[in-house]
Structure formats: C-alpha cells, structure tokens
Undergrad: 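Okay, here's the structure, questions in a sec.
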Amino acid sequence: MELATKKIVLRYHWVFRIREGWGIFHQSLLGKIGLVLLLLFALMALCSYIPPRLDPMYDPMTGVDPKISHSTGPSMRHWLGTDFMGRDILSQLLAGARIAFMVGVSAAFMSIFLGTAIGMIAGYVGRIMDTLLMRLADMIMVMPTLLVVLILSSLFGQLNIWTIVLIIALFRWPGVSRVIRSQTLSLKQRPFIEAARVAGASHLRIIFRHIMPNVLPLSFLYMTFRVTSAIIIEAALAFLGFGDPGTVSWGMMLQWVWKTGHMFKAPYWLLPPGICISLITLSFYMLGRAMDEVLDPRLRREQEAG
Amino acid sequence: MAEGRHNPLLELRDIRKTYRTRRSLFGSGGREVVALNSVSLEIYHGEIFGLVGESGSGKTTVGRLIVRLEDPEQGSIRLEGVEVTKLRGKALRDFRRKVQMIFQDPYQSLNPQLSVFDTVSEPLTVHRIGNSSQREEQVRKALTAAGLSPPEDYVFRYPHQLSGGQRQRVAIARAMVLKPSFIVADEPTSMLDASISAQIFNILIEMREKLDATLLFITHSLAAARYLCDRIAVIYKGNLMEIGSADEIIQNPIHPYTRALLDALPRFGDCGEMKYYGTLLGREREYVEPSACPFFPRCRPADETKCSRDKPLLKEIFPSHFVACFEPDLKQAEGSGGDTCFYGT
Ligand SMILES: Nc1ncnc2c1ncn2[C@@H]1O[C@H](COP(=O)(O)OP(=O)(O)O)[C@@H](O)[C@H]1O
Ligand SMILES: [Mg+2]
C-alpha cells in the first residue's frame, strides 16, 4: 500500500467519475449544443487579442479608423462594420466575449463560494445561526439586484466593472445558500456523519471532509446558472448606461447603438451583441441542465447498476 | 460472565429519553414520543450483551445514548465509573477513542465520497495516532480482521464498488481500528443476507477476543442474540421487560413478551411436541390507562385490574434473572422440544 500508489488510484477515481459523468452528459443533446456554443465563445474571447495587434485602429475601445467618423456597414476592412465614431464592431464583439466570461465566471464563482459556505454553516450549525443567516438570505433575495446596482451607481457615480462583479456576487448567493443548506440538513442526518462524530471528528472536519464533497457538485451546477444571471445583469446595467465606461461589453455596445440613435438604422451593429448575449446565456443554461442530469442521483445509480 | 458483578464497565441508571415529533405548520406543538422510560442496565467487562426487541422499541436510542450521539433527559450513563453524559472537550475526545458504534445500515454509514482507506483511517487521523505508515499498518490489520483480505484489494475502493456485506465489514474495521473497549453493534446484519450474517457474527466474536472489548449487540432476533450473547435484555416500547443470561432467557423465559418473541421464531430440526407459550393476545385491548404495564394491551395472561393500573418494576426472580411482571408464570410450557430443536433467526 504505497502512498504513491494511493495517490494515483485516487486520481484515477476522479478520472473515472468524470468519465462516467461525461457518459451521461454525452447523451444530452442540450448539453452538447451548450458546450459547443461555449467553446465558440471561448474561442472568440481568445481571438479578441488578435485585432488590436494587427492595427491600433482595431482596438475595441480607443481604435478609431482614421478614414471613418460615422457608422458604416460591413466591409473588407471592417467585417461587421464600424460604430458611430469609426471603431471596429468585430473587435468590440470579440472583446465583449472576454468581458462576458470574466464577469460571468468571476461573479458566479464568488457568489457560489459565499452561498456554499453560508449554506453549509446555516445547515450544519442550525438554531439561531440558521435563522439569522436565512433571514438575511430572504432579505437579500427579495431585493432586485439590478435595482440595487442602479441605486448604488446613481449614489456613487459610475461603477468599476469589478465593483459590479462584487455587487452581483454579494446579492446572488441566497438562492445557492438555500439549496446547499437543505442539502446539508439532509446530509447531517445521514449515518455516515454520525459515524464520523462517533469516530471523534470535529465539526470543522465534518463540514470540510464529509459535507463539502457531497454538496460541491450541486454548487457547480448552480454556478452555471449564476453565470447566466451575472452576464444578464451586467448587460442590462451597461445598456441602461450604468456600466463601466472603461470596458467594452456587449451591453455597452447595445447602449452605444441606442444612445447614438442607430437602433433601427444599423442592424449590423445592433444584432451581433444582442445575439451573443442571448446565445451565451442560453448555452450556460443548457450546460447547467445537462449537468443537472449528470448529478441526478437516480440516473447515477442506474449507471452504477448497469 | 457473572463474576465481577461489583463494578460494571458500563452502567445505565434510570435513563429517560423522549423525542418531540416535529410540529406541523399550524400545529401548536409537537407530540412527545417516549423512546426510553427509566431504563437501567449494567454491562460487564468482556461480555457480549444483547438488547432485543421489535422495531421501534428504543434499541437504537440506547446505542445512540451510549456513544453520545444523543443525551438523555434524565438518568446517568457511566463508563468505568465516569459519567458520560457530561463529558466535554478533551474528556469527550478520549471517550470517543474508547467507545465505537457499528451502524445498522451499511449503505448509509459510509461516506460515498471517501475510499475505504480514508474511511477506516479517519479515526486514527482524528485522534492523531501514529504516523502515516503506522496508520496504514493499522488499517490493513483492521480490514483483515474484519474479513476483507487481502486488504490491498479493498483500500482504494469506494462504497459503491462494495457489496452490502463488504460495506459492513468496512464499518466494522472502522469501529475496530481504535481498539475501543466498548462497541455498540446496532443490528449490524439486518440489511444483509443470512449467510453473510453468520460471518459477521463470527467476526464480532473474534473482535471481542482480539480487542478484549465489550459489546452491546442490538438485534430484533432472540435467536441471533442467543448465538452471540452472554446476557440478554428484552425491551418493549422503551421499557426493559426481562434481563438474564442468554441461556436463561431462551430456556426459561418468564415475561409474557419474551415468550411471545420466542413463539414467533422459526424452528428447525427435531422439535417434537413444540413448545408454545401463546402469551400474545389475538386482538389488542383498546382504551388502556397510560399508567398500565406497557405490554398490557397485548398480554394474554395479564391481570385485568393490577396490570391495567400500574407498571411493574424489574424484580430478581431467579439469581441474576430479572423480570418486570406482576404475575410471573414460573411454569414453563409443556412439550419436550427435543435436543436437536433450535430456533432460527
Ligand atoms: N429522531 C427521532 N425523532 C422522533 N422520534 C424518534 C427519533 N428517533 C427515534 N424516535 C422514536 O423513538 C422510538 C424508538 O426508536 P428506536 O430507538 O429507533 O427503535 P428501534 O431501534 O428499537 O427500532 C420510536 O418510536 C421512534 O419513532
Ligand atoms: Mg433501530
């Protein structure tokens, strides 16, 4: 029983589980479509570094085509056309993919982290702690995140993109924490937790060693849905004019279309960011649905038996 | 095992435990369920003590109180003379080293995310016993003793890769690895096949010898208790009805409930004129005073006035044989019951 062997086998265990999960995931058409779309968006985000290197005029924020000072349709020089001051729309679209991933994933990650930690504590500690945390969750849950950010930005002026991410995270944990709490409550009753207590395990050990591994899959599932909502909130904020003026997000692009009165004149400018926002949120949602199936214990048990 | 009566290893004194059922949305309050009612027991060093009763009689509750998964409302539990119910901090941690439990359902008592090695080594890790190679050695020994050999074949497996019997062996190895002095085994075979049950029983017997441990063996079957135990206590609705040596309880049962349990067992072999007591009432009595003997509603030989009014206390009817009955019928049932007749589980 060499320890080295042990590590290898344990790693093999994860490979095995992922492969098993992939087997279920693979059968889901939704999941596959979602994954392909996401890969495309990831590719877009990666490609966003290319145009500014080709020519400074392709910089999504500051690059202005010296020959153009108004919005033009698609051409060889600007495949998707230019915006009101002659900036390349394709470059902006690619940069927007990067921002969407950044905003979506980091806000989702933070809110999932908070929600999981708070849910586990509320569920495990129970009593007054549970009541306090869940009342707090209720209070935050009934506040519309978008409205809160709007109020904050009208109070403090334009918000930085990271501040927006942080606010989204701070207002988006209650849903996750409720789910994790109820999962923790049911886990807490399971005999293997009691067996750990009889073995002498401390509360911290029980939380991290026995409860966390059993709730993490659920947290990750929720993360995909949180990504969706973070992207939508950021886009809505930007469109309403409360975005970070220093970033080129799809919401910002839509706001520029709107503000400069090109809404009904320049479909080549309006449609790409609109379609991208819809598709990226849709694809994260589809991914989440497929993961839901992977994590469904009933399906898993059938797989084990078979 | 009757020797050394003076200081039991484990002593339960007048234990009472009630559960409050969860109140409904608009209900004013939960209903109280008395799981244990003034239970007193003494378990001596080195014995296997059987606790027998039908489901819902409070057996698991006794086990959970002993391992401090729960606290009684009233009464005291002493291990080696030390009060258990008040232990905290370091003293509680030392207690957890000495007392272990094997749970009823091996499908629920192992963490699905942990390998066999991680599960069995956890008690050692928690109590910081030995270095990693010593721990590996201990785990290996415990697994072998629990009948999982060679241990190398099992250490890296996960619960879903094990059969029910194998899982219960893992749970036994986890309970053994700390070399506890007291082990509660809560119906360890009720979820397993009969053939595997017999193997598990033998492992428990070996474990007692190897670890010099004392066992509380919880079961719903008097036959299993007889096979395994030195002494047996019969519990009904949270009340102890009869305590005695295993042979006494089987061959000379006094309490009508114990007799009813024996009647219900399947019999094998040459049973001749079978011995039946027929102490169970066909139709339960309704409208029973709350103060009545707990078995009164189902008891055929009951005294309608006395048994319906008071609850009998445990009395020593024969040496070391206690019965809680007002009108114990000391005569045994007729019937030769040949030598080769035995009860099955
Ligand atoms: N957590 C609990 N909440 C409410 N009632 C309980 C709880 N645990 C046990 N009980 C009740 O206590 C009684 C004894 O239960 P238990 O000790 O599990 O019996 P056994 O192990 O003999 O089947 C039963 O009536 C059961 O319904
Ligand atoms: Mg039970």
Side-chain angles (χ1 to χ4, degrees), chain A residues 1-18 20-21 126 183-220 295 297-306, chain B residues 63-64 66-70 92-115 117-128 132-133 135-137 139-140 143 150-152 155-161 171 174-175 177-178 180 183-184 186:
Chain A
M1 205 186 327
E2 301 281 312
L3 275 172
T5 343
K6 189 188 163 207
K7 292 214 178 78
I8 289 167
V9 174
L10 292 188
R11 207 171 302 139
Y12 173 73
H13 169 71
W14 283 103
V15 171
F16 176 79
R17 290 180 69 117
I18 288 169
E20 188 191 64
Q183 182 84 352
T184 306
L185 280 178
S186 85
L187 281 169
K188 200 168 74 164
Q189 304 293 331
R190 297 267 296 275
F192 69 79
I193 301 289
E194 303 198 318
R197 271 176 70 195
V198 171
S202 63
H203 294 305
L204 272 183
R205 186 178 172 88
I206 288 175
I207 289 181
F208 285 110
R209 184 92 171 141
H210 293 279
I211 291 184
M212 202 170 74
N214 283 292
V215 300
L216 272 190
L218 207 59
S219 303
F220 280 117
L295 297 177
R298 275 164 299 159
L299 286 173
R300 182 166 286 277
R301 223 168 286 142
E302 269 164 35
Q303 285 266 319
E304 271 166 26
Chain B
R64 293 170 58 86
I66 291 173
V67 300
R68 274 285 319 260
L69 278 172
E70 246 152 312
L92 180 59
R93 237 174 313 129
D94 289 344
F95 169 80
R96 295 241 182 264
R97 258 183 91 156
K98 283 188 281 191
V99 177
Q100 286 296 308
M101 180 156 176
I102 299 161
F103 291 83
Q104 179 170 9
D105 186 351
Y107 291 90
Q108 293 285 327
S109 69
L110 304 180
N111 187 339
Q113 305 282 350
L114 293 189
S115 68
F117 181 85
D118 288 338
T119 296
V120 178
S121 66
E122 172 156 56
L124 298 171
T125 317
V126 164
H127 292 284
R128 300 202 182 86
S132 72
S133 69
R135 281 177 200 163
E136 281 182 37
E137 189 52 34
V139 169
R140 198 199 292 257
L143 286 173
E152 286 74 12
V155 276
F156 303 128
R157 295 212 204 165
Y158 283 78
H160 72 270
Q161 297 163 319
R174 168 176 60 191
V177 79
L178 285 173
I183 298 166
V184 175
D186 183 11

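Residue numbers start from 1 in every chain, and the chains themselves are labelled A, B, ... in the order their sequence lines are given, proteins ahead of strands. Computed from a prediction, not measured in an experiment: that's the story for all the values here.
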Undergrad: Among B/Arg93, B/Arg97, B/Met101, B/Gln100, single out the residue with the greatest number of heavy-atom pairs under 4.5 Å to chain A.
TA: B/Gln100
Undergrad: Could you tell me which portion of B/Val99 (side chain, backbone, both or neither) has an atom closer than 4.5 angstrom to a non-hydrogen atom of chain A?
TA: backbone
Undergrad: Any side-chain heavy atom of B/Pro112 sitting closer than 4.5 Å to one from A/Asn214?
TA: yes
Undergrad: Checking heavy atoms, do the side chain of B/Thr119, its backbone, both or neither come under 4.5 Å from chain A?
TA: neither
Undergrad: Of all of B/Leu110, B/Ile102, B/Val67, which one pairs up most often with chain A through heavy atoms under 4.5 Å apart?
TA: B/Leu110
Undergrad: Please classify the contact of A/Arg205 with chain B as side chain, backbone, both or neither, using a heavy-atom distance under 4.5 Å.
TA: side chain
Undergrad: Go through B/Glu122 and A/His210 one step at a time and tell me if the side-chain contact (heavy atoms from CB on, under 4.5 Å) criterion holds.
TA: CA-CA 11 Å; B/Glu122 172 156 56; A/His210 293 279; 2.8 Å; yes
Undergrad: Would you find more than 12 non-hydrogen atoms of other residues, nucleotides or ligands less than 6.0 Å from A/Phe220 atom CZ?
TA: no
Undergrad: Any side-chain heavy atom of B/Gln108 within less than 4.5 Å of one from A/Phe192?
TA: no
Undergrad: Mind ranking B/Arg174, B/Arg64, B/Gln104 by heavy-atom pairs under 4.5 Å with chain A and telling me who comes out on top?
TA: B/Arg64
Undergrad: Is the side chain of B/His127 donor-acceptor paired with the backbone N or O of A/Ala201 at a distance under 3.5 Å, no angle test?
TA: no
Undergrad: For B/Leu114, is it the side chain, the backbone, both, or neither that has a heavy atom closer than 4.5 Å to a heavy atom of chain A?
TA: side chain
Undergrad: Quick one: are A/Arg209 and B/Gln113 in side-chain contact, heavy atoms under 4.5 Å?
TA: no
Undergrad: Are the side chains of B/Arg68 and A/Val198 in touch, meaning some heavy atoms are under 4.5 Å apart?
TA: no
Undergrad: At their closest point, which heavy atom of B/Ser109 faces which heavy atom of A/Pro191, and how far apart are they?
TA: CA-CB, 4.0 Å
Undergrad: So B/Asn111 and A/Arg190, do their side chains get closer than 4.5 Å, heavy atoms only?
TA: no
